[in-house]
Enquirer: 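My questions will all concern the structure given below.
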Amino acid sequence: MPSQPNGRTAAASPAPADPLPAPPGPATGTPLVRLSGVRKVFNQLEAIRNISLDIGDGAFVSLLGPSGCGKSTLLMMIAGLVRPTSGEIRVNGEVVTGPRADVGVVFQSPVLLPWRTVLDNVLFPVELLKLSKAKYRERAMELLAMAKLADFAGALPRELSGGMRQRAAICRALIHNPSTLLMDEPFSALDAITRDDMSVELLRIWQANRKTVVFVTHSIREAAFLSDRVLVMGRRPATLVEDITIDLPRPRHIAMTEEESFNGYVRHLRRSIEASHADAP
Amino acid sequence: MRTLLDRFVWPMAVPVGLLVLWEVATRALGIRSIILPPPSEIIEVMVTRYDLILTHLWPSLYLTLTGFALSVVGGVLVAVLITTSPLLRKSLYPTIVVSQVVPKISIAPLFVVWFGTGMTSSLMLAVLVAFFPMTINAAMGFQSVDEDILRMARTYMGSRWQIFWKIQMPHALPFIFSGMKISITLAIIGVIVSEFVASQEGIGYLIKFAGGLLDTPLMMAAITALSLTGLVLYWLIAEAERLTVYWQSTSEFGSGGQV
Ligand SMILES: Nc1ncnc2c1ncn2[C@@H]1O[C@H](COP(=O)(O)OP(=O)(O)O)[C@@H](O)[C@H]1O
Ligand SMILES: [Mg+2]
């Protein structure tokens, strides 16, 4: 696949003629998300202590840590929904001061609007961003087709299963062609089997239109299976305990989770988390 | 066929059975009309004296609908104010909630002193009783939007205006309809009680008037007409809800037959 350096455009101007542009190539190393000395204090309680990290363009990075360690807070800060107490966050080279059009977010629950059809839910960001709905309709349909939801474009969310709803939510987060996709435990409400399927689907969607993904999870297996890189967060106040590169071939298949190389990563991550527990006061 | 059974036959079985029992019992036991007329006699009075009943039904219906409309519009507006202004929420909301406990109907005689025996008095009482449940329901609707949905909208830089019209308003619709169902019933009660207290027309006046003459069949015919009117109004709201809130599958009114 030919690779062009950082040919991303802002969300407002995707070429409608090329509705699913797939900026190709693996992680180029250009930092797309950069955190410098980020700290967050809630009512005098330090939730996050001094986190600095670079996330490369097109990389799939997981934030792994126990519940309550501050993963969501960190993600919401990158999304511009929560302000850091100190430190700086940059996305695409610009300091984050609020929500940005080049970021898409998937939450733990699908948060689809029940009165809108699946298609209109996917187009919701386009509406809020005051972009032309007509222009994005085709892209929405292609995203839905990719998420195997084409037949449900006209359905209401209540007609969809949990996994289908979350896939629709992923389509919604991608509709305005953001450079960065932030995902906060998107599969944690799903059953184990659906969860494996969703992981595979997500990787397929990601492979087709490479975004920088920051994926929050407390599942070690999920982090190891999906990611290029796993950042282990320690207990409160959260710091980065470890930064592990997952050097497994892509595309990945569920069968790989039975291989020794995969299990080696899982063991390593588990030890790393247990060690951070032991340090906790 | 099943739908027909579930929607109409079974729900009607109990009231029809009771009516038959009533008819048979009053005749068999020889109960006098002045105490309890049989259903057939009530229906007969409704047919023969329909113009008298209608003459008094119209003003009551008019006042009920006007009071209801004012309550809905006012209630939703106040709910919007409470929702958008934290100061108003903190200052106004507790009063509104506590005022729910006051039996507002007891103010009816006071309203006669203030506004006279005419329509103003009835209208004011209807609004007084119908307004608060409307406000509280609508406010609950606007404010109960899931925090993650709001977060999602803010991610895409949704303005307050967009968030209100595209999220809070549709989310509040089922709550608003619940409020309307309570309000329509209360508006009727408000008007009737006010007509009991002091009025020269209206179905409440007719009921009291017939009571004074010990004309129990007329009284019960008037009560029946009033009940049917209330039922129709409630049904109209439930139908409007079913059509508007299409994304919710069930409603407590005639919910049978839906899969
Ligand atoms: N808005 C807030 N106000 C006060 N404390 C908060 C707030 N949000 C999160 N916290 C605290 O910060 C810590 C991290 O929370 P969170 O980021 O949700 O963790 P995680 O997503 O890893 O489960 C928790 O202890 C939580 O109680
Ligand atoms: Mg969380």
Side-chain angles (χ1 to χ4, degrees), chain A residues 11-12 72-73 75-76 78-82 91 96-118 120-131 136 155-160 168-169 172-176 178 180-186 189, chain B residues 76 79-80 83-84 86 137-138 140-180 237-252 255-259:
Chain A
S72 296
T73 305
L75 204 72
M76 291 305 120
I78 300 173
L81 292 171
V82 174
V91 172
V96 173
T97 53
R100 301 167 53 90
D102 55 355
V103 171
V105 184
V106 180
F107 297 88
Q108 183 168 354
S109 61
V111 289
L112 300 173
L113 303 176
W115 50 86
R116 282 177 173 247
T117 62
V118 170
D120 280 339
N121 265 292
V122 172
L123 287 168
F124 191 55
V126 171
E127 244 178 87
L128 291 184
L129 291 163
K130 299 202 175 74
L131 305 170
Y136 281 86
L156 289 175
R158 70 157 200 251
E159 299 165 59
L160 271 55
R172 179 180 59 196
L174 291 171
I175 184 67
H176 58 307
T180 309
L181 185 58
L182 306 176
M183 307 182 85
D184 191 357
E185 307 198 27
Chain B
V76 170
V80 169
T83 306
T84 47
N137 270 277
M140 219 151 72
F142 291 131
Q143 288 168 38
S144 64
V145 178
D146 184 56
E147 189 55 41
D148 265 351
I149 289 191
L150 297 177
R151 225 177 264 155
M152 182 271 293
R154 264 182 266 130
T155 308
Y156 304 111
M157 298 185 283
S159 62
R160 267 181 82 162
W161 183 259
Q162 285 176 320
I163 289 176
F164 179 77
W165 285 108
K166 291 177 193 289
I167 296 176
Q168 288 178 296
M169 195 53 160
H171 175 83
L173 278 178
F175 294 80
I176 290 175
F177 276 108
S178 299
M180 285 167 79
I237 295 171
E239 265 317 278
E241 177 183 28
R242 202 173 57 80
L243 295 174
T244 314
V245 190
Y246 55 87
W247 60 92
Q248 288 201 339
S249 47
T250 50
S251 115
E252 73 258 45
S255 65
Q258 267 160 356
V259 185

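A, B, ... follow the sequence lines: proteins, then strands. Residue 1 opens every chain.
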Enquirer: Heavy-atom distance under 4.5 Å to chain B: side chain of A:E127, backbone, both or neither?
Expert: both
Enquirer: What is the distance from atom CG of A:L113 to atom CD1 of B:I149, rounded to the nearest 0.5 Å?
Expert: 5.5 Å
Enquirer: Nearest 0.5 Å, please: how far is CE in B:M152 from CZ in A:R172?
Expert: 4.0 Å
Enquirer: Identify the residue among B:R154, B:M157, B:K166 that makes a side-chain contact (heavy atoms from CB on, under 4.5 Å) with A:L128.
Expert: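 Between A:L128 and the candidates, side-chain contact (heavy atoms from CB on, under 4.5 Å) is satisfied uniquely by B:K166.
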Enquirer: So which heavy atom on A:H176 is nearest to which on B:Y156, and how close?
Expert: CE1-CE2, 3.3 Å
Enquirer: Answer with side chain, backbone, both or neither: which region of A:A169 has an atom nearer than 4.5 Å to a non-hydrogen atom of chain B?
Expert: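 Answer is neither: A:A169 stays 4.5 Å or more from chain B.
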Enquirer: Tell me, for B:L173 versus chain A, whether the close heavy atoms (under 4.5 Å) come from the side chain, the backbone, both or neither.
Expert: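 Neither part; nothing is under 4.5 Å.
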Enquirer: Using heavy-atom distances under 4.5 Å, tell me whether A:R100 contacts chain B through its side chain, its backbone, both, or neither.
Expert: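 For A:R100, the backbone is the part near chain B, not the side chain.
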Enquirer: Checking heavy atoms, do the side chain of B:D146, its backbone, both or neither come under 4.5 Å from chain A?
Expert: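 Contact with chain A is through the side chain of B:D146 alone.
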Enquirer: Verify, without hydrogens or angle tests, whether B:Y246 (side chain) and A:W115 (backbone) share a donor-acceptor contact under 3.5 angstrom.
Expert: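 Side chain of B:Y246 to backbone of A:W115, a donor-acceptor pair under 3.5 Å: yes, one is there.
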